[in-house]
Each structure stands twice: as structure tokens, then as C-alpha cells.
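Order of listing sets the numbers, starting from 1, for every ligand and every atom in it. Just so it is clear, the model here is predicted, and its values are computed rather than measured.
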Amino acid sequence: MITKSLTQRLAWKALTAHHRKAKGLHLRELFANDPKRGERLTVEAAGLFLDFSKNRVTDQTIALLLQLAKESGLRARINAMFRGEKVNVTENRAVLHAALRAPRSASIRVDGKNVVPEVHAVLDKMAAFTDRVRSGAWKGYSGKRIKNVVNIGIGGSDLGPVMAYEALKNYSARGMTFGFVSNVDGIDFVEATRALDPAETLFIVSSKTFTTMETMTNAQSARAWLLKGLGGNPKSVAKHFVAVSTNAEKVSAFGIDTANMFGFWDWVGGRYSMDSAIGLSTMLAIGPDHFRAMLDGFHQMDEHFRTAPFAKNLPVLMGLLSIWYNDFFGSQTVAVLPYENYLKRFPAYLQQLAMESNGKRVTLEGKPVNYDTSPIYWGEPGTNGQHSFYQLIHQGTRLIPCDFIVFARPLTPLGRHHDILLANVLAQSEALAFGKTTAEVKSEGTLPGLVPHRAFDGNRPSNTLLADRLTPATLGKLVALYEHSVFTQGAIWNINPFDQWGVELGKALAQRILPEIESKVIPKLKHDSSTNNLIRRYRKMKAAK
Ligand code: G6Q
């Protein structure tokens with residue numbers, strides 16, 4: 001039981017005092033004074049190697065951050081989550097994405113019931129379905145085999161599947177196409193389906209609630225598109241639509257046979273669901289064996305997080321470092337920079353994971369926080385970013401901690417490409433940390449007027465995560481690493497990372513505005529003058545065409 005608010009904890013106060021000294025230290029000195037720093041400040045778990053030596057920390061910083069974790073009751077929080085306690089207090093739900101990747105023999109209880117057998121029953125059903133589709137045993141309404149799969153979902157029911165499909169494309173069935181429709185902007189659906197033959201297309205309607213406006217609108221358009229293409233018989237729907245949901249009633253009302261529904265549970269949050277049935281498109285793409293390998297990767301990181309001492313715990317250390325910059329240096333963002341083109345959607349995925357989870361302003365008890373919570377996550381794959389926004393990271397006025405994600409072996413080697421890629425990422429973290437002093441710039445004979453422009457102050461922190469290659473298991477480990485790092489941060493900030501009330505207000509207001517936009521008679525508008533005016537203007541403009 002934590003009684004002291006965060007800023008009153010001893011470790012927090014000690015960190016505040018320590019920061020006053022530590023902020024003046026330069027990575028150049030820290031490395032010069034400790035020749036083994038680059039070997040010492042590293043940790044390896046489940047095949048992921050983290051070099052955190054290029055962070056603005058001393059041994060004392062790490063000790064104090066670990067002390068903060070302890071004083072914040074992190075261990076008890078971890079245990080409570082893994083035990084299935086209702087740690088999502090505002091929705092009165094357990095939080096058990098870890099159960100989705102637990103081995104068949106495990107036992108994890110929610111309200112006294114072991115949920116692991118149900119998890120594996122759904123996985124088995126997904127695998128059987130996947131085998132039928134991939135082998136051609138499952139036929140479309142006109143007897144053709146399925147060649148195209150389109151996932152319709154948004155937020156947590158989209159970002160994970162898209163990211164995983166892109167990340168694991170190298171393992172996917174190349175004879176099939178995979179599309180993802182999320183946006184209610186009709187263009188998303190039109191572009192995703194324009195080249196597809198309805199007779200060969202399977203839609204997966206992925207929605208935990210099966211009420212989300214965007215997904216339901218896209219699903220209705222998909223139904224109409226299919227019926228138009230296949231002669232209009234409603235019976236064709238059953239052969240071309242399956243659902244992933246927790247809401248059997250709504251699935252059935254849509255016209256999808258619940259025999260073709262893949263379930264999950266209220267203890268799986270949307271942004272933590274890519275390894276539940278929401279991953280059906282991923283399984284169809286990479287096959288059940290690779291999918292299970294990915295789950296095993298997740299599980300390995302879960303076990304590491306659950307059991308390793310904090311000083312050797314990858315997610316804990318990454319979470320604590322993030323708190324160090326966010327709350328003591330005032331850094332507002334974290335750049336996630338994968339040097340692996342297959343991970344191009346990974347930063348977008350992490351944005352939801354981190355920012356929807358920890359973008360909160362009140363504590364678990366509902367009191368306003370007096371410290372900053374989630375930083376903004378962003379990023380693009382290297383080396384592309386080097387030629388655009390890295391300038392600001394190197395020489396701008398903001399401190400942006402970076403996570404570089406690197407693999408030793410490429411999935412498809414091509415000449416010298418991979419060595420060049422690696423040389424670049426190592427050069428970036430080196431340049432950020434050590435910069436280039438005025439003396440160095442001068443000694444190169446630079447014109448005096450240019451010296452300040454060409455000097456780099458350095459001392460810009462980064463983590464480097466190095467793994468062997470991007471396999472399904474590695475992807476699982478990587479996602480679980482960030483999930484638990486986000487959890488660590490949320491636990492220390494004493495907030496609830498598992499609700500998302502901020503998303504609800506916009507949804508409710510959109511429901512109110514839609515009839516005002518569509519009504520034939522001019523509605524009486526009761527919004528603010530800006531919203532009223534924009535609604536009127538839009539009504540006029542669309543009537544004018
Ligand atoms: C995730 C959020 C949110 C959710 C979408 C889709 O954690 O809750 O992104 O996933 O709003 O919800 P449905 O799956 O219910 O359609």
C-alpha cells in the first residue's frame with residue numbers, strides 16, 4: 001500500500017536533488033572516467049540486448065530510480081496484474097494480456113476461473129480456420145478460394161494487426177493480399193478494395209464492442225460491396241465475413257454466423273489485443289506456427305518482467321529511464337527509431353500503446369497529478385529520418401531521448417546494405433552522445449563564422465536495443481518489452497494505464513453532430529458559436545454541389 005504521493009517519496013526527493021548535479025554531467029566525461037561504461041551499463045534478456053550506457057545517468061541515478069520503483073510499490077503492482085486482480089479500477093476489470101500468451105499448462109484465474117483453457121480453445125479455433133483458408137479448403141460463395149483478407153477495425157483493433165503484418169511480411173503467405181481498413185473516411189475502404197475480386201475476398205470485422213461507428217460503417221459498406229459483386233444473395237455473407245469480438249449478440253445481428261466468430265474477453269484492452277483473436281489477420285498471413293512463436297516471444301518477456309530483479313529488468317529499466325527524462329529533465333517526447341524497414345508501423349503502434357495508456361492527469365484515487373505523465377512517442381525508420389528530422393535531435397533546443405532498435409542479421413541480405421545500415425545507426429548514437437566540440441570543428445580549419453553552426457554539443461541520450469533478427473518471437477518480445485515499460489511508468493505515476501475515457505467524449509459528440517449534419521430541416525444548433533458556424537457552413541457547401 002502506497003501512502004505517500006509520488007513527489008513526497010524519499011527517492012523522488014533524492015532524485016530531484018541528484019538531478020541538479022547530474023544535469024551538468026556530459027556523456028563525454030562519463031565515458032572518459034569509466035572506460036568500461038559501455039559494457040557495464042547493459043542488460044540482456046530473452047535475446048534482447050539493451051545498451052543504456054549513452055544515457056545521462058550515473059550509478060547513483062540508477063540506484064535512486066530503482067529505489068523509486070521500490071517505494072512506488074512496483075513489485076506489488078506487477079504481481080497484482082499477473083494474478084488477475086482488477087487493476088483496471090475505473091472499469092473494474094482484470095488486465096491479463098499476459099494470459100493470451102501463457103502456455104497451455106499455465107493457470108491464471110479471473111474471478112476464480114482459470115482462463116488459459118479458453119485462450120487456447122480460441123487459438124486452436126483460429127488455427128483450424130487459418131489452415132482451411134490458407135489451404136483453400138474454405139471456399140468463397142462462388143467456390144473460389146480466398147486470396148484477399150481485409151481486416152476492418154480501428155484503434156486497438158487495427159494498429160496491432162497492421163504493425164504485425166508489416167513487421168512479419170517476410171513470413172507471410174505471398175500469394176495472398178492483406179488489407180486494413182480503419183478510417184471512416186470512405187477512401188480507406190475504396191482504396192483497399194478497388195483491385196479486389198469479391199469472390200476471393202474475406203473480411204474480418206474486428207471490434208471488441210462491435211459498436212464502434214467507424215468499424216460498423218466500414219463493415220456495412222463491405223457487405224454492400226460484396227453483395228453487389230456476388231449477385232446480391234445474403235447467404236454469400238457467411239462465406240466472406242468473420243468477426244472478432246466480445247459481443248456475440250451484435251455479431252449475430254450483423255448477419256455473421258457466431259460459429260465464425262473468434263472471441264476474447266473484457267480483460268484484454270484494445271491496445272493490448274494484437275496477440276488475441278484480434279491477431280487473426282496476422283495468423284492468416286504468417287500461419288499458426290509463426291503466430292505461436294510470436295506468442296512464445298511475448299511470454300518470454302512476460303516471465304522476465306515478472307521475475308527478474310529490477311536492476312536487471314529490461315522493461316523496468318527502460319520505464320525508469322523514461323521517467324528520468326520526462327519528469328526531471330522535462331523532456332516531452334521519446335523518439336523510437338527502428339533500423340529495420342519492416343518495423344515502419346512500430347512507432348505508430350507504440351503511440352497508442354504508450355499515449356492512450358499513460359496520457360492521464362489524475363491518480364488512481366482521482367486526484368490531479370503534480371508531475372508530468374506520458375511523453376509523446378514518435379518516430380520513423382532509419383536511415384530515412386536521418387535525412388529529415390534528426391537535425392532537430394542533434395542541434396535543436398529540445399532534449400529528445402531516442403530508442404534505436406537494431407538487428408544483427410537482415411531477413412533478406414543484399415550486398416553491403418546491412419553493414420551500411422548498422423554503420424549509420426551506430427554513428428547516430430555516437431554523434432548524439434559525444435557531439436563535436438568547438439575545438440574539434442576549429443581544428444578542421446572551419447571558417448570562424450561557421451564554427452558555431454557546425455559544432456554539436458552532444459550529451460543527447462539514447463538506448464540501443466540489439467537483437468539477432470526480426471523473427472515472430474522477437475516481435476513478441478519487443479512489444480511485450482514496451483507494454484511492460486509503459487506499465488512500469490504508469491505504476492510509478494500512480495495512474496490507470498488501462499482505461500481511455502478521453503476517447504469517449506469525442507465519440508459521444510460525433511453521435512450528436514451527425515444527425516444535425518444529415519437532417520433535411522435546418523436544425524436548431526446548441527453548440528458554441530464556432531461549432532455551430534462550421535456545421536452551417538458545411539451544410540451549405542455540401543448542398544451547393
Ligand atoms: C484501445 C482503445 C481503442 C479501441 C478502439 C476500437 O485500447 O480502447 O483504440 O481499440 O476504439 O474499439 P473496438 O474494438 O470496440 O471497435
Protein residue, atom and distance nearest to [atom], heavy-atom basis:
{"atom": "atom 15 (O) of ligand 1", "result": "T209 OG1, 2.6 Å"}
{"atom": "atom 3 (C) of ligand 1", "result": "Q352 NE2, 3.8 Å"}
{"atom": "atom 10 (O) of ligand 1", "result": "G156 N, 2.9 Å"}
{"atom": "atom 6 (C) of ligand 1", "result": "I154 O, 3.1 Å"}
{"atom": "atom 12 (O) of ligand 1", "result": "T212 OG1, 3.5 Å"}
{"atom": "atom 7 (O) of ligand 1", "result": "R271 NH1, 2.7 Å"}

Give yes if a backbone or side-chain nitrogen or oxygen of [X] is under 3.5 Å from a nitrogen or oxygen of ligand 1, and no if not.
{"X": "K208", "answer": "yes"}
{"X": "S207", "answer": "yes"}
{"X": "G269", "answer": "no"}

Query raised in the report: Minimum heavy-atom separation for A173 to R134, with atom names?
Result: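 Answer, listing the atom of A173 first, then R134: CB-NH1, 3.8 Å.
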
Query raised in the report: Looking only at heavy atoms, what is the nearest atom pair of S462 and F404, with distance?
Result: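 Closest heavy-atom pair between S462 and F404: CB-CE1, 3.6 Å.
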
Query raised in the report: At a 4.0 Å threshold, what atoms of ligand 1 neighbour a non-hydrogen atom of K507?
Result: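 Close to K507: 11 (O).
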
Requested in this report: Could you tell me which atoms of ligand 1, counted from 1 in the order shown, lie closer than 4.0 angstrom to a heavy atom of S157?
Outcome: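 Listed by number with element: 10 (O), 13 (P), 14 (O).
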
Whether the [X] and [Y] side chains hold a donor-acceptor pair (N or O, under 3.5 Å, no angle test) is what I'd like checked.
{"X": "T177", "Y": "N148", "value": "yes"}
{"X": "E214", "Y": "N218", "value": "no"}
{"X": "N494", "Y": "T363", "value": "no"}
{"X": "Y482", "Y": "D403", "value": "yes"}
{"X": "T488", "Y": "S485", "value": "no"}
{"X": "N233", "Y": "S236", "value": "no"}

Query raised in the report: Does M216 approach ligand 1 within less than 4.0 angstrom via side chain, backbone, both or neither, non-hydrogen atoms only?
Result: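 Neither part.
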
Query raised in the report: What part of Q500, side chain from CB on, backbone N/CA/C/O, both or neither, has a heavy atom under 4.0 Å from ligand 1?
Result: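 Side chain only; the backbone of Q500 stays clear of ligand 1.
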
Report task. Check step by step if salt bridge (Lys or Arg N to Asp or Glu O under 4.0 Å) holds for D124 and R292. Result -> CA-CA 10 Å; D124 292 342; R292 287 186 198 279; 3.0 Å; yes

